[in-house]
Undergrad: 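This is the structure, below, for whatever I ask next.
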Amino acid sequence: MNAWDILEQDAPLVAPLLLGWQLVHDTAEGRTAGIIIETEAYHQDDPASHSFNGVNNRNAPMFGPAGHAYVYRSYGMHWCMNVVTGNSGFGQGVLIRALFPTEGIPLMEKRRGRRDHLCSGPGKLTQAMDISHIHNGHDLREPPLFLIPYPSLGYTATPRIGIAKAKEKPWRFVAQETRILA
DNA sequence: TGCTTGATTAACT
DNA sequence: GTTAATCAAGCAC
């Protein structure tokens, strides 16, 4: 099984495996990249998931092929990015909640307008890396926005953040080694 | 056509 | 700990 086949599994299995993968975005301004250190799983059989009530115009990418991006607007002002997992026809994905910045840090600082907390939240990392709705449905194996597989980091599983339903599921995964560096 | 809802962030007290 | 900012999409009428 190659690294990309991992994404064909269910989101709660994939989410911890993505810790340690690198997310890279090349733009005209330059390259930004970071190591994924925090994720959350969302599954069609999960009341907290956008895909729970079936496919619609917003969540359609979650029902598409694994390894593509699902980007949506949150609270009217932020973008959040998911990596779609599982087979087509079943809506699920992994929310990227935090990165450890590795490349293009000055560019991230410029986009964020500050020198700390560059990628320590789902809305922050999309701002730092200039990810938005135009990447919705994009294949994350292809430039300019792509993932580089790495062996998984050690992690801690905890309940998810900022949701109203199914709060008890320990489907948030935080990398142990780098959590302080975010 | 109008109402409701967020998988958030940052700046307050 | 509390709250404002801000808007696309779903869904009820």
Side-chain angles (χ1 to χ4, degrees), chain A residues 7 9-19 21 23 25 32 34 36-64 66-86 90-101 105 107-138 140 145 147 155-175 179-182:
Chain A
L7 303 181
Q9 304 172 94
D10 280 352
L13 286 171
V14 177
L17 299 179
L18 284 178
L19 300 172
W21 286 39
L23 180 64
H25 192 198
T32 47
I36 298 172
I37 56 171
E38 185 176 337
T39 59
E40 281 181 5
Y42 288 90
H43 193 268
Q44 190 168 347
D45 297 330
D46 162 21
S49 173
H50 290 172
S51 58
F52 181 65
N53 288 323
V55 63
N56 61 39
N57 209 41
R58 175 176 66 163
N59 66 23
M62 291 184 89
F63 291 79
H68 287 220
Y70 163 48
V71 183
Y72 69 94
R73 192 90 132 144
S74 173
Y75 293 92
M77 45 185 26
H78 307 291
W79 297 105
C80 294
M81 195 194 93
N82 292 244
V83 178
V84 176
T85 65
F90 192 81
Q92 53 173 312
V94 174
L95 172 68
I96 307 301
R97 282 195 64 85
L99 302 174
F100 174 64
I105 291 172
L107 184 52
M108 291 183 179
E109 291 174 346
K110 178 184 157 206
R111 287 171 177 157
R112 293 275 299 123
R114 56 196 300 158
R115 300 177 62 86
D116 56 356
H117 299 293
L118 295 177
C119 297
S120 58
K124 301 177 197 178
L125 69 92
T126 53
Q127 184 185 19
M129 294 196 64
D130 195 25
I131 295 168
S132 71
H133 62 114
I134 67 171
H135 302 105
N136 198 23
H138 173 72
L140 292 170
L145 178 65
L147 290 166
Y155 65 90
T156 304
T158 72
R160 290 172 293 180
I161 303 267
I163 57 173
K165 302 166 188 168
K167 290 183 174 182
E168 75 287 354
K169 287 190 167 76
W171 281 4
R172 171 171 176 247
F173 303 92
V174 183
R179 61 192 305 174
I180 295 179
L181 301 175

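Below, read A as the first sequence line, B as the second, and so on, with proteins coming before strands; counting in each chain starts at 1.
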Undergrad: Considering every strand shown, what is the Watson-Crick or G-U wobble mate of B:dA7 when both distances are under 3.5 Å?
TA: none

Undergrad: Considering only the P atoms, how many Å lie between C:dA5 and B:dT13, rounded to the nearest integer?
TA: 15 Å

Undergrad: The side chain of A:Tyr75 lies closest to which of these nucleotides: C:dC7, B:dG6, B:dT9?
TA: B:dG6

Undergrad: Under 3.5 Å, side chain of A:Arg58 to main-chain N/O of A:Tyr72, donor-acceptor pair present?
TA: no

Undergrad: Expressed in angstrom and rounded to an integer, what is the separation of A:Asn53 atom CG from C:dA9 atom C1'?
TA: 13 Å

Undergrad: Is any side-chain N or O of A:Lys167 closer than 4.0 Å to OP1 or OP2 of B:dA7?
TA: no

Undergrad: Using only modelled atom types and a 3.5 angstrom limit, is any donor from either the side chain of A:Asn82 or the base of B:dA7 paired with an acceptor on the other?
TA: yes

Undergrad: So which atom in A:Leu19 and which in A:Phe173 form the shortest heavy-atom distance, rounded to 0.1 Å?
TA: CD2-O, 3.7 Å

Undergrad: Tell me: CG of A:Asn59 to P of B:dG6, nearest whole Å?
TA: 15 Å

Undergrad: Answer with base, sugar-phosphate or nothing: what part of the nucleic acid does A:Arg172 contact at a heavy-atom distance below 4.0 Å?
TA: nothing

Undergrad: Rounded to the Å, how far apart are A:Arg111 CZ and B:dT9 C1'?
TA: 19 Å

Undergrad: How close or far is atom P of B:dA7 from atom CD1 of A:Ile163, stated in whole angstroms?
TA: 8 Å

Undergrad: About how many Å separate NZ of A:Lys110 and CG of A:Leu118, when rounded to the nearest 0.5 Å?
TA: 14.0 Å

Undergrad: Does A:Arg114 put a side-chain nitrogen or oxygen below 4.0 Å from OP1 or OP2 of B:dT9?
TA: no

Undergrad: Once hydrogens and angles are ignored, does a donor-acceptor distance under 3.5 Å link the base of C:dA9 to the side chain of A:Tyr72?
TA: no

Undergrad: Under 4.0 Å between any heavy atoms, over every strand shown, what does A:Met81 touch: base, sugar-phosphate, or nothing? Just pick one.
TA: nothing

Undergrad: Which nucleotide wins on minimum distance to the side chain of A:Arg73, given the candidates B:dA10, C:dC7, B:dT8?
TA: C:dC7

Undergrad: Name the closest nucleotide to the A:Met77 side chain, picking from C:dT6, C:dC7, C:dA9.
TA: C:dT6

Undergrad: Tell me whether the rings of A:Trp79 and A:His133 are parallel (<30°), tilted (30 to 60°) or perpendicular (>60°).
TA: parallel

Undergrad: Compare the minimum distances between each of C:dA9, B:dT8, B:dA7 and the side chain of A:Arg58, then state the nucleotide with the smallest one.
TA: C:dA9

Undergrad: Over how many whole Å does the gap from A:Trp79 atom CH2 to B:dG6 atom C1' extend?
TA: 14 Å

Undergrad: Between B:dA7 atom C1' and A:Leu18 atom CG, what is the distance in whole Å?
TA: 16 Å

Undergrad: Expressed as a whole number of angstroms, how long is the span from A:Asn136:CG to C:dA9:P?
TA: 10 Å

Undergrad: How about A:Arg111 and A:Gln127: does a side-chain donor come under 3.5 Å of a side-chain acceptor?
TA: no

Undergrad: Taking the C1' atom of each, how far is B:dA10 from C:dA8, in whole Å?
TA: 22 Å

Undergrad: Is any side-chain nitrogen or oxygen of A:Asn57 closer than 4.0 Å to OP1 or OP2 of C:dA9?
TA: no

Undergrad: Would you tell me if any nitrogen or oxygen in the side chain of A:His117 comes within less than 4.0 Å of OP1 or OP2 on B:dT9?
TA: no

Undergrad: Between B:dT9, C:dT6, C:dA9, which one does the side chain of A:Pro122 approach most closely?
TA: B:dT9

Undergrad: Using a heavy-atom cut-off of under 4.0 Å over every strand shown, decide if A:Arg97 touches base, sugar-phosphate, or nothing.
TA: sugar-phosphate

Undergrad: Assess, by modelled atom type and distance only, whether the side chains of A:Gln92 and A:Thr85 contain a donor and an acceptor separated by less than 3.5 Å.
TA: yes

Undergrad: Between A:His50 (NE2) and C:dC11 (P), how many Å, whole number?
TA: 12 Å

